[in-house]
2 protein chains.
Amino acid sequence: MDDDAVFRALADASRRQLLDRLHDRDGQTLGDLCMGLQMTRQAVTKHLAILEDANLIATKRQGREKLHFINPVPINEIAERWIGKFEGPRLAALSDLKTRLEGEDQ
Amino acid sequence: MDDDAVFRALADASRRQLLDRLHDRDGQTLGDLCMGLQMTRQAVTKHLAILEDANLIATKRQGREKLHFINPVPINEIAERWIGKFEGPRLAALSDLKTRLEGEDQ
DNA sequence: GATATATGCAACTATATGGTTGCGTGTCAA
DNA sequence: TTGACACGCAACCATATAGTTGCATATATC
């Protein structure tokens with residue numbers, strides 16, 4: 001899998017919003033996804049293409065409409081392979097890491 | 001917390017590599033982190049600043065050196081709040097989502 | 001067939017981003 | 001105190017990115 005494509009795709013707030021919308025209701029058309037957004041349809045198309053390249057969504061043409069489906073697999077793969085290694089029993093204790101570091105100076 | 005800063009910080013492969021290095025050995029200096037990289041020290045400094053702004057690392061001056069410490073909290077927060085919602089019992093069954101969609105046409 | 005609807009494609013623009021070079025500042029050690 | 005070392009700051013450059021506008025194409029509907 002291409003980690004980089006997924007991370008880069010997730011880096012944009014508009015694209016995360018589109019994934020959120022698909023999470024709320026899967027299988028929406030391009031027109032559906034554009035509604036209410038302060039963006040042209042073409043901008044949304046580009047974002048969806050980036051998400052599709054990263055394999056975060058899959059599409060299906062149905063007549064003149066294009067349906068979009070979320071694919072949770074890449075996100076979960078990253079969660080397992082990348083985020084898992086940062087877990088640890090002392091995680092909660094580290095939440096004030098910076099504070100502690102700053103306090104060590106005296 | 002600022003989701004956007006974290007996602008954008010993680011979007012760059014060089015920055016993920018720096019986090020990997022700190023994961024291998026925490027508390028490295030800027031010089032340590034530069035070694036072996038095809039990048040100038042200033043480029044690395046910029047990457048580290050972005051990681052620090054996203055609260056993914058914390059730093060501490062020690063004499064003329066600057067020590068860098070990884071902070072796993074933001075990554076785990078994102079994992080819990082953002083990635084968790086894409087989990088589901090039918091996750092494995094969806095891994096061939098696109099294939100199935102393409103097969104539905106006939 | 002004519003028309004409206006849903007999407008696709010391409011060129012263009014502005015700004016963000018990743019990187020560089022050059023020089024300045026603070027700290028350690030002889 | 002002189003020089004080496006570790007790092008900071010600022011200007012600059014090239015490319016990537018997010019967005020636009022304009023037009024083309026394909027599919028419904030009448």
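A, B, ... follow the sequence lines: proteins, then strands. Residue 1 opens every chain. Given the structure is predicted, the values throughout are model-derived calculations rather than measurements.
Nucleic acid contact class of B/Ile50 (heavy atoms, under 4.0 Å, all strands): sugar-phosphate only.
B/Asp4 places its CG atom 16 Å from the P atom of D/dT17, with the value rounded to the nearest Å.
Checking the phosphate oxygens (OP1, OP2) of C/dG19, a side-chain nitrogen or oxygen of B/His47 falls inside 4.0 Å. The side chain of A/Thr40 contributes no N or O atom lying less than 4.0 Å from OP1 or OP2 of D/dG19. Contact annotation: A/Arg15 reaches the phosphate of D/dA18 (side-chain N/O to OP1 or OP2, under 4.0 Å). For the OP1/OP2 pair of C/dG8 and a distance below 4.0 Å, the side-chain nitrogens and oxygens of A/Lys66 include at least one atom meeting the criterion.
Along DNA chain C, the nucleotide nearest to B/Arg41 and the one nearest to B/Lys46 differ in position, and the one closer to the 5' end is contacted by B/Lys46.
Cluster annotation: A/Leu56 and A/Leu37 are assigned to the same hydrophobic cluster (Ile/Leu/Val/Met/Phe/Trp/Tyr, side-chain heavy-atom contacts under 4.5 Å, transitive). In terms of hydrophobic clustering, with Ile, Leu, Val, Met, Phe, Trp and Tyr side chains grouped at heavy-atom distances under 4.5 Å, A/Ile57 and A/Met39 are assigned to a common cluster.
B/Asp2 has its side chain out of reach of B/Asn55: every pair of non-hydrogen atoms, C-beta onward, lies at least 4.5 Å apart.
The environment of A/Gln42 atom CD is dense: over 12 non-hydrogen atoms of other residues, nucleotides or ligands sit within 6.0 angstrom.
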Short heteroatom pairs, N/O only, protein and nucleotides 25-30 of chain D, under 3.5 Å:
unit_1	atom_1	unit_2	atom_2	d
D/dT27	O2	A/Arg64	NH1	3.4

